[in-house]
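One-based numbering, in listed order, for ligands and for the atoms of each. We count residues from 1, following the sequence as given.
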Amino acid sequence: VTISVIVVAAGSGERLGSPRPKAFVDLAGQTLLEHSLQAVRGLSPLPQVVVVAPEAWVEPARELARGILGGDAGLSVVAGGTSRTESVRRGLGAVSTNSEIVLIHDAARALTPTEVFSRVTGAVTSGAKGVIPTLDVVDTMVPRNRETGVTSAAIDRDGLAITQTPQGFDAVTLRAAFSVFEGDATDDAEVLRASGVDVISVEGDRDTLKVTYPHDLEV
Ligand code: CTP
Ligand code: MG
């Protein structure tokens, strides 16, 4: 099976408030992008890797990726768009046409272990068209009005899960779903669901968070 991994790293990281784009911010001696690629490098065989970077950061991203992956083989770096969905769309354009499985990962989820990549890949290999890593919700969840701060009755958390990345897809199904999808989706599973395809879950990683706020970098 031929696998491609798209690492989306083209966001600005507004909530982090750093002068450089979030994927290029340092965490314990390496950028978030490098950490993400380290997990990808743990896969064997090494998949095709597509990094989606902010337009002005394509060359720096290529340098960092080369350093982690040990060269250019199977590496593409492309410029992203103004939304995550647009960035994924551009990344998909660089995925090799003979890839059978595509994984899409947020550079912001820098410390996701290789085993989550393997678990997701395994479920797609076993026949699922779309696979996402999820966690049980342990906290009580309530709707909250952002303006007034008023909360309402708790949502049954038994029926809810937290979603993570990498999300994995059958390549043909993913391309078909993106070709008819318009607008922006919160993640790629949502694009698949919009075309009526079921997305299944595998266990995510409880120990790693998406880096969003400055506090998330304090490890
Ligand atoms: N992303 C992207 N292109 C965009 C927006 C987001 O490639 N136009 C990527 C980010 O680089 C990140 C992932 O999608 O790895 C998840 O997005 P998020 O955590 O929201 O990152 P940012 O959009 O950069 O952060 P913020 O929303 O705070 O600006
Ligand atoms: Mg964002």
Proximity to ligand 1 by part of Lys22, non-hydrogen separation under 4.0 Å: side chain
For Ser83, the ligand 1 atoms whose distance to one of its heavy atoms is below 4.0 Å: 3 (N), 4 (C), 8 (N)
Region of Pro21 that comes within reach of ligand 1 [heavy atoms, distance under 4.0 Å]: neither
Val52 near ligand 1 by a heavy-atom separation under 4.0 Å: no
Distance-only N or O hit between ligand 1 and Thr212, under 3.5 Å: no
Side-chain donor/acceptor of Asp26 to backbone N/O of Gln30, under 3.5 Å: yes
Test item: Glu190 and Phe181 side chains (from C-beta on) under 4.5 Å apart, heavy atoms: no
Close side-chain approach of Thr140 and Arg157, heavy atoms under 4.5 Å: yes
Closest protein heavy atom (residue, atom, distance) for atom 17 (O) of ligand 1: Lys210 NZ, 4.4 Å
Nearest neighbour of atom 29 (O) of ligand 1 from the list His105, Arg109, Glu14, on a heavy-atom basis: Glu14
Nitrogen or oxygen of Leu16 less than 3.5 angstrom from that of ligand 1: no
Non-hydrogen atom of Ala9 closer than 4.0 Å to ligand 1: yes
Distance-only donor-acceptor check, side chains Ser83 and Asp184, under 3.5 Å: yes
Val211, any N or O under 3.5 Å of ligand 1 N or O: no
Best match, Asp106, Leu32, Ile104: closest heavy atom to atom 13 (C) of ligand 1: Asp106
Pair Asp216 + Lys210: basic N to acidic O under 4.0 Å: no
Ala23 to ligand 1, any heavy atom closer than 4.0 Å: no
Atom 27 (O) of ligand 1: the protein heavy-atom neighbour that sits closest, reported with distance to 0.1 Å: Arg15 NH2, 3.0 Å
Residue Ser12 vicinity, atoms of ligand 1 by number, heavy atom under 4.0 Å: 24 (O), 29 (O)
Nearest protein heavy atom with distance in Å, relative to atom 22 (P) of ligand 1: Gly13 N, 3.7 Å
Distance from atom 10 (C) of ligand 1 to nearest protein heavy atom, with residue and atom: Gly11 N, 3.6 Å
Atom 8 (N) of ligand 1: the protein heavy-atom neighbour that sits closest, reported with distance to 0.1 Å: Gly81 O, 3.0 Å
Side-chain touch Arg119/Pro133, heavy atoms, less than 4.5 angstrom: no
Residue portion contacting ligand 1 (non-hydrogen atoms closer than 4.0 Å) for Thr82: backbone
